[in-house]
Amino acid sequence: QLHLVESGGGLVQPGGSLRLSCAASRFSENFWYMGWFRQAPGKEREGVSCISSRDGSTNYADSVKGRFTISRDNAKNTNTVYLQMNSLKPEENAGYYCGGVGSWRTMPATSVMCVPSQYDLWGQGTQVTVSS
């Protein structure tokens, strides 16, 4: 069964950094987009950063621009994505989830590449806690 596996969450002080990783359980599967989302208690899931597998184009939430960087492991198309998070803030405490838009369906427009409802597959999530 295809699934996504995240790692790299944890506790970090304000201003610190973390790197999240996400890998698909089957390397042969392809995704139009892969992305990172976060959800705090009582809030809706929001897009943090997403990347196109076709051309590498990226999308970032305004709140993370200049601090977070999404990247893909292009070696042998392993369907692995990373999120480097710098200068983390306490308000960014949340569960962070990796998602994928499967290539088995029509590719959504790039304008919605980071909209949670477009995503077919989700990881189990990894907790990020920013606290002193």
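Quick caveat, the model's predicted, so the values are computed rather than measured. All residue numbers refer to positions in the sequence shown, counting from 1. Below, each value reflects all heavy atoms present in this structure, side chains not excepted, and no hydrogens, waters or symmetry copies.
Using modelled atom types, one finds a donor on one side chain and an acceptor on the other under 3.5 Å when comparing N86 with S17.
Put simply, the side chain of Q39 reaches to within 4.5 Å of the side chain of Y97, judged on heavy atoms. Using a 4.5 Å heavy-atom cutoff, the side chains of W32 and S53 are not in contact. Counting heavy atoms from C-beta on, the side chains of R72 and N79 come closer than 4.5 Å. Looking at heavy atoms from C-beta onward, L121 lies in side-chain contact with F31 at the 4.5 angstrom threshold. In this structure the side chain of M34 never reaches within 4.5 angstrom of the side chain of S52, judged on heavy atoms.
Judged as a disulfide bond (SG atoms under 2.5 Å apart), the pairs with a partner in residues 98-129 (not counting sequence neighbours) are, in order, C22-C98, C50-C114.
The two atoms that bring V81 and W36 nearest to each other are CG2-NE1, 3.8 Å, heavy atoms only.
Considering only residues two or more places apart in sequence or on other chains, F37 meets the ring-ring contact (aromatic ring centres under 6.0 Å, His included) condition with Y119, W122. Residues passing the side chain to side chain donor-acceptor pair (under 3.5 Å) test with R19: none are found, sequence neighbours excluded.
In this structure, T126 contributes its side chain and G9 its backbone to a donor-acceptor pair below 3.5 Å.
Around CD of E44, the count of heavy atoms belonging to other residues, nucleotides or ligands within 6.0 Å does not exceed 12.
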